Amino acid sequence: MSANTPMASATVLERDAQQAMGDHKVHPNEIAIGVVIGRASEYFDFFVFGIACVLVFPKVFFPFVDPLTGTLYAFSIFALAFIARPIGSVIFMAIDRRHGRSVKLTIALFLLGGATAAVSFLPRYDSIGLSAVYILAVLRVLQGLALGGAWDGLASLLAMNAPRERRGWYAMIPQLGAPLGFMVASALFAFFLVNLDEADFIDWGWRFPFYCAFTINVVALFARLRLVATDEFARMMDLDRLRPVPALELFRHHAGDVIRGAFVPLAGFALFHLVTIFPIAWLALNNTHRSPGEFLIVQFSGAIVCAGAIAASGLIADQIGRRNCLIMSASLIAFFAVGSIIAPLLFGESAIGQTIYVTIGFMLLGLAYGQTAGAVTARLGNHYRYTGAALTSDFAWLVGAGFAPLVALFLSQRYGLAMVGVYLLSGAACTLAALFFDRSEMRQM
């Protein structure tokens, strides 16, 4: 009897939520809006932290070391969330099985928003010493755990409800959350950088974007619960197509698929932070003539280009297939990386070169990133799709992007800017190799 109690409680909670939401057919456009809002809120939290790792944390939490070392320390803390993310997925999948998806999602998003907002209240190193650093690291781990729990299956539901001839288009829609989240985060930081002097920005201005995170996540929570608590979503679960399974069971049947799926998107994931977080660090540390606030505005424009390229990837995938689209984008990233190796000064002191680098980088990022959601789920059967998609994505982010700012900054400062191109080329090579060893056309489901 006690073994059935958690599931009975979960059934009651889900049933009450479904009754509150009403009985209606979920249209793919509704799912798309919910997915984009949810992803944008998650990326906002991560980009706020990433930007602060460059502009704020070295001065606020690591004033006892030189700026380069302080930034490397901050990037090390930044990577903690990517290590914690798969652990969070496993923990929250267990909560999902026992208490229902609505409960899991509510806990995860409140934890994500709360951990991000809590950073805004942290005292400086000058006030409490290394305790400030330790608390920052704990909050970053909580962010990663929460992001693992924020996986709601809406992207899979969107793919299942999309017209067959337009599944490439619908597969790219969740990815639009990334440029939208970056646009909001960069715009907030740019506003305070441009309108405040450095002392006020370091004292209090940087805290406002973190403080906004809780409100943004609450809005995203209600947008997603509106879909998760519907009869249509419950019907998909009853058909055993969006049901969480234990991680050990997943790896027992699909370990190879998870590993291959984690390597497929590495080209885009390696580029992800090399056009968002890393360039800000390079500019801030090398005393270029362009201010961080001005450069954030350039990156804001690049994010718009990225959103357009993501949309284009959906059209291209529907015409030539997802696998061919990924091969094309990875090849273009490889050429971009080679160009960065041959002419690394393109990004160096030249404002025009920096703008070109960011614009092309964001465009290629959009083309590659637009179809990665379908890539990491295409190999899994319906029974393992929900858990498998979450963990495959977690490992892809860990391998491809989690340490990218740290590694790129270290290599560029130690061996020169051309090494960033070498690092990016390795990501493109991994994607092309993974696609080569799996020659089957990726299923659109």
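These numbers come from a predicted model, not from an experiment. We're numbering straight along the sequence, starting at 1.
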> Taking Arg39 for the side chain and Gly177 for the main chain, is one N or O donor matched with an acceptor at less than 3.5 Å?
Replying inline: no
>> Tell me if a side-chain donor or acceptor on Arg85 pairs with a main-chain N or O of Gly148 at a distance below 3.5 Å.
In response: no
> Can you tell me if Thr387 uses its side chain to pair, donor with acceptor, with the backbone of Tyr384 under 3.5 Å?
Replying inline: no
> Is the shortest heavy-atom distance from the side chain of Val119 to the side chain of Trp206 under 4.5 Å?
Replying inline: yes
> Hey, is the main chain of Gly113 close enough, under 3.5 Å, to the side chain of Thr116 for a donor-acceptor pair?
Replying inline: no
> Sub-3.5 Å donor-acceptor pair from the side chain of Thr431 to the main-chain atoms of Ala330, do we have one?
Replying inline: no
>> Can a donor-acceptor pair be found, under 3.5 Å and without considering hydrogens, that links the side chain of Lys104 to the backbone of Ala150?
In response: no
> Hey, are Gln299 and Thr276 close enough side-chain-wise for a donor-acceptor pair under 3.5 Å?
Replying inline: no
> In terms of ring plane angle, is the pair Tyr125 and Phe64 parallel, tilted or perpendicular, where the classes change at 30° and 60°?
Replying inline: tilted
> Is a side-chain donor or acceptor of Thr372 paired with a backbone partner of Tyr369 at a separation under 3.5 angstrom?
Replying inline: yes
>> Under 3.5 Å, is there a donor on one side chain and an acceptor on the other for Asp96 and Tyr386?
In response: yes
> Do His273 side-chain atoms and Ala404 backbone N/O form a donor-acceptor pair below 3.5 Å?
Replying inline: no
>> Cation-pi check for Phe92 against Arg101: NZ or CZ below 6.0 Å from the six-membered ring centre and within 45 degrees of the axis, yes or no?
In response: no
> When the aromatic ring centroids of Phe110 and Phe214 are compared, is their separation below 6.0 Å?
Replying inline: yes
